[in-house]
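Positions are given from 1 along the sequence. Values reported hereafter were calculated over all heavy atoms of this structure, with side chains retained and with hydrogens, waters and symmetry mates removed.
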Amino acid sequence: MDLDPDYNPSFKAKINTKWVATVASIWIQCTSGSLYTFAIYSSILKSTQGYDQSSLNVVSVFKDVGANVGILSGLLYSSVTGRRRRCGGPWVVLLAGAIQCFAGYYLMWLTVMGLLPKPPLWVMCLYILLAAHAMTFFNTANVVTAVHNFPNYRGTIVGIMKGFLGLSGAILIQVYQTIFRNRPTAYLLLLALLPPITTLLLMSFVTISQTNEDDENKLLNGFSLIALVLASYLMAEIIVGNIFSLQLSVRIITFTILIFLLLSPISVAISAHKEKSYRIIKYLLEQNSLEDEQHRSQAYFVDMGQSHGNYEELPAGAVQGRDMNERRTPEWGENMNLFQAMCTTGFWFLFVTTACGMGTGLATVNNISQIGGSLGYTILETNTLVSLWSIWNFLGRFGAGYISDYFLRSLGWSRPLFIVVTLASMTVGHAVIASGLPGALYAGSVIVGICYGSQWSLMPTIASEIFGAGHLGTIFNTITVAGPVGSYILSVWVVGYLYDKEASDEGNMCTGTHCFMLSFFIMAASTFFGALVALALFFRTRNFYNNFVHRRGANTITG
């Protein structure tokens with residue numbers, strides 16, 4: 001009997017695993033959050049290009065559009081990873097992202113340095129659109145590959161990937177404050193080099209390996225623990241750094257610790273390799289004495305990549321008759337393309353909930369400094385709020401994926417129920433901010449930040465479950481377009497309009513709780529409406545989750 005090629009003892013086989021692919025994806029995600037650091041280099045863009053605040057806001061809008069419209073990355077991923085493709089893979093998508101990132105930020109750096117003539121505003125918008133659009137390629141390649149590699153723990157792995165992306169902004173800010181403090185021009189060059197170089201070095205390791213192992217949950221918990229420790233460390237460093245003026249030697253020490261924490265995910269991949277080696281030895285020892293269990297041992301310990309038993313063998317009543325009529329409309333749980341998904345109510349339910357959840361979240365973070373100023377918060381306090389937003393964002397991204405997976409597998413709770421809960425909580429958060437009470441902005445930003453981050457994990461996971469993973473990149477990136485659409489409507493037509501209406505003629509400034517009160521009550525109403533739509537999605541998919549996803553998870557647990 002031949003062993004599965006996946007267990008070849010060569011060095012190439014040792015590093016060509018889904019655990020190494022996960023580590024590589026995590027490291028790429030940790031350098032991909034440059035759009036979250038726009039505040040660092042926006043001032044140098046404004047001063048060198050002679051922009052007023054309105055022009056700078058236009059540049060910022062193009063940044064948000066580029067970072068959220070990832071349909072092209074999804075289409076490219078589907079085309080290079082399809083079953084009929086003999087060449088290509090996720091690395092092609094990552095390479096395309098690296099090229100865009102370098103081109104966009106490098107052209108911005110050349111312009112700021114005066115090495116290129118001062119371009120029209122629309123050209124600068126094109127530069128930043130290109131740079132931000134690269135993130136959708138990084139994110140699509142890493143998240144969708146992770147879903148393929150861990151189909152039974154989709155919520156957890158999407159939460160991990162989205163969580164590290166959420167932390168990447170805080171990580172890059174620490175790099176800036178340690179190495180490029182008060183040199184935003186040099187930081188622009190860093191953004192042109194660091195993410196592309198990291199991606200080029202690691203992209204060959206990001207591969208699809210559809211194998212199932214009995215200890216996946218334990219090893220994924222290792223990644224989760226590292227993410228939580230990293231987030232706690234960054235939060236402490238942000239708070240201390242905003243309160244005290246740290247000397248260069250102290251910043252170097254804290255930065256060294258940060259690097260050590262970023263390297264720690266490799267320990268999980270090493271543990272996974274040791275576990276696999278142990279299983280191989282155990283299998284070989286049992287092979288001689290347990291001849292009648294040989295095939296079962298091979299299927300469980302060696303050849304899970306070929307059997308796909310836990311994922312492909314569907315429970316009765318879930319998705320049946322796949323081969324009866326190839327031309328029929330796919331049922332939920334089967335692989336749908338974008339057009340087929342758009343013909344379902346589930347797609348538009350997710351689109352509306354994304355517009356309400358992500359739209360109000362983006363509108364909040366984009367105006368949090370002005371809100372703090374109108375309520376009398378100091379610059380230090382508002383800067384701390386902005387810095388900590390990435391931490392709350394991470395907790396939502398990571399926590400929603402992990403917790404929804406736990407309740408889905410242990411209690412059978414449908415995952416859309418968690419969108420209902422988070423959007424309802426977001427409604428409370430917006431109402432707290434609208435109240436203008438002392439400390440309300442702190443409490444409200446924590447609630448809104450966590451609930452906003454949770455949408456980034458829940459939506460792609462639910463999309464992969466009800467539409468299948470075959471065209472996941474295209475489908476969830478199309479739904480993500482709802483985020484900037486909702487943000488634009490709320491930021492410009494609601495928050496901006498009402499603020500200007502309340503502002504005094506002198507300096508166009510507004511002070512007091514009335515500046516944003518009505519705006520945030522409107523956003524609270526928006527998220528409440530989104531919760532109602534999510535509730536409709538919950539009832540629409542309840543039978544699907546009961547008959548398919550929950551049973552699949554139960555089968556995996558029992559082995």
Side-chain angles (χ1 to χ4, degrees), residues 68 143 154-163 165-166 224 227-228 231 346 348-365 388-409 411-434 443-466 476 479-480 482-483 486-487 490 520-542 545 549:
N68 288 282
V143 171
R154 301 184 188 202
T156 300
I157 193 61
V158 171
I160 290 171
M161 289 298 159
K162 290 289 189 176
L165 178 63
S224 300
L228 289 172
W348 297 107
F349 282 160
L350 283 175
F351 192 90
V352 173
T353 58
T354 299
C356 296
M358 294 185 186
T360 58
L362 286 170
T364 300
V365 69
L388 289 176
W389 178 269
S390 62
I391 304 299
W392 315 139
N393 188 9
F394 158 78
L395 290 176
R397 291 171 183 240
F398 168 76
Y402 185 88
I403 294 172
S404 65
D405 250 6
Y406 173 79
F407 282 98
L408 175 67
R409 300 171 70 83
L411 300 177
W413 288 16
S414 173
R415 211 183 297 271
L417 181 62
F418 291 89
I419 294 187
V420 179
V421 173
T422 53
L423 288 180
S425 301
M426 213 170 184
T427 301
V428 176
H430 288 309
V432 169
I433 296 176
S445 65
V446 172
I447 297 173
V448 173
I450 293 175
C451 294
Y452 163 75
S454 68
Q455 308 307 311
W456 286 103
S457 291
L458 293 172
M459 183 273 288
T461 307
I462 294 172
S464 73
E465 289 168 342
I466 64 178
F476 95 78
I479 298 174
T480 304
S487 174
L490 292 168
F520 274 86
F521 276 130
I522 292 175
M523 287 199 285
S526 300
T527 51
F528 181 74
F529 173 73
L532 294 178
V533 175
L535 187 63
L537 178 63
F538 164 71
F539 286 115
R540 184 73 176 83
T541 59
R542 184 170 54 178
Y545 275 95
V549 180

Can you give each donor-acceptor pair under 3.5 Å made by side-chain atoms of residues 356-365, sequence neighbours left out, with the distance rounded to 0.1 Å?
from, atom 1, to, atom 2, distance (Å)
T360, OG1, C356, O, 2.7
T360, OG1, G357, O, 3.2
T360, OG1, H430, NE2, 3.3
T364, OG1, T360, O, 2.8

Decide yes or no on side-chain contact (heavy atoms from CB on, under 4.5 Å) for F476 and L350, but give the supporting numbers first.
CA-CA 9 Å; F476 95 78; L350 283 175; over 6 Å; no

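- The line from CD of Q455 to OG1 of T527 is 10.0 Å long, rounded to the nearest 0.5 Å.
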Give the intermediate values and the outcome of side-chain contact (heavy atoms from CB on, under 4.5 Å) for residues S404 and L458. CA-CA 8 Å; S404 65; L458 293 172; 3.9 Å; yes

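- Taken to the nearest 0.5 Å, the OG1 atom of T354 stands 10.5 Å off from the CG atom of N68.
- From L165, atom CG reaches atom OG of S390 across 11.0 Å, with rounding to the nearest 0.5 Å.
- No donor-acceptor distance shorter than 3.5 angstrom exists from the side chain of S487 to the backbone of G483, with no hydrogens or angles considered.
- More than 12 heavy-atom neighbours from other residues, nucleotides or ligands sit within 6.0 angstrom of CZ on F521.
- Nearest approach of A524 to A431, heavy atoms of both residues: CB-N, 4.3 Å.
- Side-chain contact, S414 with R542: no donor N or O sits under 3.5 Å from an acceptor N or O.
- Of all the heavy atoms in P460 and V158, the pair that sits closest is CB-CG1, 4.4 Å.
- We find the OH-CG distance between Y406 and L411 to be 6.5 Å, quoted to the nearest 0.5 Å.
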In residues 532-541, what donor-acceptor pairs under 3.5 Å come from side-chain atoms, sequence neighbours left out?
from, atom 1, to, atom 2, distance (Å)
R540, NE, T345, OG1, 3.4
T541, OG1, L537, O, 2.8

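- Counting heavy-atom neighbours within 6.0 Å of Y402 OH, excluding the residue itself, gives a total of 12 or less.
- Going from atom CG of L388 over to atom CG of N393 covers 12.0 Å, rounded to the nearest 0.5 Å.
- Between the side chain of D405 and the backbone N or O of T156 there is at least one donor-acceptor pair closer than 3.5 Å.
- Note: F394 and F398 have parallel aromatic rings, judged against thresholds of 30 and 60 degrees for the angle between ring planes.
- Using cut-offs of 30° and 60° for the angle between ring planes, the F418 and W413 rings count as tilted.
- Of all heavy-atom pairs between G401 and R415, the closest is O-NH1, 4.2 Å.
- Closest non-hydrogen pair, V448 versus G429, comes out as CG2-C, 3.8 Å.
- Formation of a donor-acceptor pair under 3.5 Å by the R397 side chain with backbone atoms of W456 is not found in this model.
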ask   = Passes side-chain contact (heavy atoms from CB on, under 4.5 Å), Y452 versus W389? Steps please.
value = CA-CA 10 Å; Y452 163 75; W389 178 269; 3.8 Å; yes

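- Between E465 and R154, no side-chain nitrogen of the basic residue sits less than 4.0 Å from a carboxylate oxygen of the acidic one, so the salt-bridge criterion is not met.
- Between L490 and S526 the shortest side-chain heavy-atom distance falls below 4.5 Å.
- Atom CZ of F349 and atom CD1 of I419 lie 12.0 Å apart (nearest 0.5 Å).
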Q: Check the pair L423, C451 against side-chain contact (heavy atoms from CB on, under 4.5 Å), reporting the backbone distance first and the verdict last.
A: CA-CA 7 Å; L423 288 180; C451 294; over 6 Å; no

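- Remark: F351 pairs with W348 by the ring pair (Phe, Tyr, Trp, His ring centres under 6.0 Å) rule, at least two apart or across chains.
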